[in-house]
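I have placed the structure first, in the form of structure tokens, so that the comments after it can refer back to it.
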Amino acid sequence: MSSEQDTSTYRNNRALFSMRGVVLEQRERTRKSSKADIERFTEESEFKIISLESQIDTLIELRDREHAYVAALRHLISPIHTLPVELLAEIFDLTIRDYTHVQDAHRISQVCSDWRQLVHGTPRLWTRPIQIHLQKRRTDDREQAYLDGLMAWLTRSAPLAVPVSVLADADIYHHMPEQILRTAPRWRSLHFDDVEISFLSHLAEARLDNLEELDLGERNFNLDLHDADDFEKDDLASFTTVPRLQKLRMHNYSDTLSIFVPWAQLTNLILGAHCSNIALDILAQCTNLSQATVSTTGRFSRPEAKQSIPALNHLRVLTLPFFGSAENAGKAMLFLDHLPTPALQKLTLDFGDTVDPRWSEPHFISFQQQAPNITCLELQYSELTSAELIIAIRHVSFPHPPEASLLL
Amino acid sequence: MVLLVTSDNEQFQTEKDIVERSVLIKNMLEDVGESDQPIPLPNVSSSVLKKVTQPSTGPTEIDVRGRYLSTASTTVESPSRPPILEQSQDETRKRTTDISEWDQKFITVDQEMLFEIILAANYLDIKSLLCRRWLQDGSQHDQGARPPEEIRKLFNIVNDFTPEEEAQIKKENEWAEDR
């Protein structure tokens, strides 16, 4: 025992006996003893201490073992073991919340070996949205540990599909680590906050057999592709192996389209396009859309010919948020001339982000002739007058009660 | 009214809208139509059925502290009993739990009864009575899962991980921190 421990022990034992009393007792005991005798007494006491400590260790071990017996016996008769594993897995599933799912799944799997086995053997518990976070600042060791952990996570959900989002430091990801890419056929949705076209180009080559939703975020794919010298193959991303893709969110603010998907498969589209020709090029191919939000300016890069697109026969809900600078002022509603939507039921026109929210009656009437089944009209931040409003709603087949809202 | 017969042969006349919270019974009633025939519930005892079919305006869950939680209101805290975590370990096996009903009456059940109710809810297919909250951390706003040691303590589960598994768990937690 070290002197520090001695001191500590004496301090702890003060409550049991008086140190002053002990000193007096030993003084009496050694009144006629030599220094050598006292040193011998000390040695004897030290041996006794060692012997006692050994006994204490044994007793502590015995006590701990009995504690373990008690815990194990209580464990065996704990009512929780009456639940069938299927029901337990169901309750685990209910317990895990989307926004804390990593912590929740880990906590439940770290309770005991039985639960761990059950949780690891239940793929649906691992199918909440998972983020792939590619960082620059990790050391190689940490990067490998991160990838190992991520792979362990993704493997547990097999064979089910999982929603995936990708977050990466700027300019680091020109490719996805191969081992992660191997799980791409099981990705149900793929979300980016920001993504480089070269990365998408690489990713588009993967099989994305279960991908239903692709969200390319707010990235402005504003590539200057007019200059042939700048054009590279990697500047195009063509998703061809996406048999289940139905929902797409993308923004393309250049005059050239750089993302390609099987457009005819899409049922839901959120599109931002600075050039209205691009928006119409895309819509012309999206023949199965049922819901679309198309954010555009009304600026046409090919103004000489009126661009016609096939009727969007399945489109029920259309939202058109217009935006643009002074250069495109007043042009927003030109876009309406080109949209035959015979099945459209709900139309929202949002002028909140345009410099000149000017209302154009001819364009709206022209549009209404191609969309005779509107029952719900929503106008946001438009500058139409009362007379224009009366004309605007004249052709709307409002149900009873009518569904119309104005945010002026 | 619907006549239910439990596993211990007790008969219960219960209002139809109450028993139809059970998808199993609802389907049975739809299959047989209007009938005076009793519906046998061989997997539910009378004591459990009493708890499950108490007239309600919408209790949805029982949490680990055994409270019924109404969909229409926030968790009702028991004014009279401390949370189960604050009880001594000796009390855990026959630990009593407060069940706060929608009508603010508290009834008390032990943990065995709580799990019998869960089993019955599963058999009767009453999803709302499957209590996930006993694994959730009531002290947090996000209601995530309780820490493992807390779950162990609540349900007398022992930590039987090998050192290798403990090392794996440590790595998992480091990954979760780093991701």
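Here the structure is a predicted model, which is why all the values come from computation and not from measurement. Note that these values count all heavy atoms, side chains included, but never hydrogens, waters or copies made by symmetry. Throughout, protein chains are lettered first and strands after them, A, B, ... in sequence-line order, and every chain is numbered starting at 1.
Between A:His106 and A:Trp153, a ring centre-to-centre spacing shorter than 6.0 Å is recorded. Taking the six-membered ring wherever Trp is involved, the centroid distance between the rings of A:His120 and A:Trp126 falls below 6.0 Å.
Neither the backbone nor the side chain of A:Leu76 comes within contact range of chain B, judged by heavy atoms closer than 4.5 Å. A:Ala71 touches chain B through backbone and side chain together, each having a heavy atom under 4.5 Å away. Contacts between A:Ile130 and chain B at a heavy-atom distance below 4.5 Å involve the side chain alone, from C-beta outward.
No donor-acceptor pair closer than 3.5 Å links the side chain of B:Ser22 to the backbone N or O of B:Ile126.
When each of B:Asp8, B:Asn9, B:Thr6 is paired with B:Ser46, the side chain to side chain donor-acceptor pair (under 3.5 Å) condition holds for B:Asp8 and for no other. Of the options B:Leu119, B:Leu49, B:Ile117, a side chain to side chain contact (heavy atoms under 4.5 Å, CB included) to B:Val44 is made by B:Leu49 and by none of the others.
Comparing A:Glu86, A:Gln131, A:His81, A:Arg116 by heavy-atom pairs within less than 4.5 Å of chain B, the highest count is held by A:Arg116. Most heavy-atom pairs under 4.5 Å with chain A, from the set B:Ile157, B:Asn159, B:Asn173: that is B:Ile157.
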